[in-house]
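Taking it in order: structure first as structure tokens, then the write-up.
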There are 2 protein chains.
Amino acid sequence: MSVTPVRDRRAERTAATRREILDAAWELVRAEGLAALTMRDLGTRVGMRAQSLYGYYASKHAIYDAMFADGNRELLRRKRDLPESADPEQLVRLHGRLFLDFAVEDPVRYQLLFQRTLPGFEPSPESYTPAVEVLESGRAALRACGIRSQRAMDAFTALNAGLAAQQTSNEPGGTRWLRLADEMWDMYFARYRAPTSKGTR
Amino acid sequence: MSVTPVRDRRAERTAATRREILDAAWELVRAEGLAALTMRDLGTRVGMRAQSLYGYYASKHAIYDAMFADGNRELLRRKRDLPESADPEQLVRLHGRLFLDFAVEDPVRYQLLFQRTLPGFEPSPESYTPAVEVLESGRAALRACGIRSQRAMDAFTALNAGLAAQQTSNEPGGTRWLRLADEMWDMYFARYRAPTSKGTR
DNA sequence: GTCTATATTTGGATAGAC
DNA sequence: GTCTATCCAAATATAGAC
């Protein structure tokens, strides 16, 4: 009689190779641009022929999709590592800083996750799930500050998106816009946290 | 003896065709995405073979470059049409509104002009000239408001870039972020225009 | 000025041997 | 699981006829 081992060594090996391909894909797009990903180049990087990649991913599109999910999961992981005990406003600032750091440390990843720039690419519902969780974790932090209106939440995301976009497209690697963040968050809280101002709840 | 006519009808015709090709290129990328521009498709749109386009533009890159200059010239033209007599803060708001309208009315153009997303594309110095003028006109409007520091100017551009980016990538065609603009500009002026606050000059 | 013809390269993807 | 072989399509660009 045949027995079924508890560990599937084959499956583990496959998963490891998939991971390796994904990492190589990130390296490639970081070096050449998001749209410059090709199966040939990617194969070369992992020491395979392009055709062999199809044993791990059904298509190039599937690779972008895996990258989209991967990036969002990474961001979510970091958000979960934030201290829970900080006071509410400090926590919002930590979320903001986390987002900015995440954006500027890898502009191409930011482009894939938050800018709609790849013609024809649409993340699959499965890959989109962690992206929704990311969004929700930010909203929860704002709610804990008493900021509940859609407008006020949208203003916060716009502010951060603007800093990230300006920094990455005008001075990649620098801090010219990054260092404005605290000042702009002061300004934001002065306007949107004041309990008496209209439109905050 | 041969005489030289004052009008060069041939050159005029060529310029008109170049313009026609440029317009078709804009249509194409608006429909298919910035990176989806191909000489074949473009040729089809203007009723030519792809090869014939090379009589008007030396390369596909040259077409992107002409589009970059074209978009910036259009923005500059609109900025010059702004009323000169408005009070300084109103004028800054008009610049902001102009920018936002310009961004959302054609997200692909915004992508080409303000986001660095085309692998390998770098505008030529000539095409970059109008882009510099665009920037300078915004800075002049802020200066007229007493806003002179780099920080304060950068904060304003970040704020607008954020609204434009959020609107175009999360709700293209909508107004969810656009309608926050006035409120955020109020907030901005309250912080950066106050003569006594630090960092405004 | 536009065409046909063609060179050349590149890229996604499949079939089947080992 | 990776390879060779190959296909097919698409894309940029040049040469030369009309």
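A, B, ... follow the sequence lines: proteins, then strands. Residue 1 opens every chain.
- Taking 4.0 Å as the cut-off between side-chain N and carboxylate O, B:Asp70 and B:Arg19 count as a salt-bridged pair.
- Per the geometry, NZ belonging to B:Lys60 stands 14 Å off C1' belonging to C:dT9, to the nearest Å.
- Atom CD in A:Glu32 sits about 15 Å away from atom C1' in C:dT10, given to the nearest Å.
- In summary, B:Glu74 and B:Arg109 do not engage in a salt bridge, as defined by a charged side-chain N under 4.0 Å from a carboxylate O.
- Contact annotation: side chain of B:Arg40 to base of D:dA11, donor-acceptor pair present below 3.5 Å.
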So which protein nitrogen or oxygen atoms get under 3.5 Å of nucleotides 2-7 of chain C's nitrogens or oxygens?
{"residue": "C:dT2", "atom": "OP2", "partner": "B:Tyr56", "partner atom": "OH", "Å": "2.3"}
{"residue": "C:dC3", "atom": "OP2", "partner": "B:Arg49", "partner atom": "N", "Å": "3.0"}
{"residue": "C:dC3", "atom": "OP2", "partner": "B:Ser52", "partner atom": "OG", "Å": "2.8"}
{"residue": "C:dA5", "atom": "N6", "partner": "B:Gln51", "partner atom": "NE2", "Å": "2.6"}

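- Aromatic rings of B:Phe114 and B:Phe99 (six-membered ring for Trp) have centroids within the 6.0 Å cut-off, being under it.
- If you take CG of B:Leu28 and C1' of D:dA11, they are 14 Å apart, rounded to a whole angstrom.
- Among D:dG1, D:dA13, C:dA13, the nucleotide with an atom closest to any side-chain atom of B:Tyr54 is D:dA13.
- The nearest whole Å value for the distance from the CG atom in A:Leu53 to the P atom in C:dG12 is 10 Å.
- For C:dT10, the OP1/OP2 oxygens have no side-chain nitrogen or oxygen of A:Thr38 closer than 4.0 Å.
- Salt bridge absent: B:Glu12 and B:Arg9 never bring a charged side-chain N and a carboxylate O closer than 4.0 Å.
- OP1 or OP2 of D:dG1 lies within a sub-4.0 Å distance of a side-chain N or O belonging to A:Thr14.
- For the pair A:Met39 CE and D:dC8 C1', the interatomic distance rounds to 16 Å; values are reported in whole Å.
- Cation-pi geometry between A:Arg193 and A:Tyr188 is not met at under 6.0 angstrom from the ring centre and within 45 degrees of the axis.
- Both the sub-6.0 Å distance and the 45° axial angle are not jointly satisfied by A:Arg78 relative to the ring of A:Phe102.
- Nearest-nucleotide assignment on DNA chain C puts the 5′-proximal partner with A:Ala36, out of A:Ala36 and A:Ala58.
- Among the atoms of the strands shown, none is found under 4.0 Å from any heavy atom of A:Leu42.
- You'll find the ring centres of A:Tyr57 and A:Tyr64 outside the 6.0 Å limit.
- Rounded to a whole Å, the OH atom of A:Tyr57 is 15 Å from the P atom of D:dG1.
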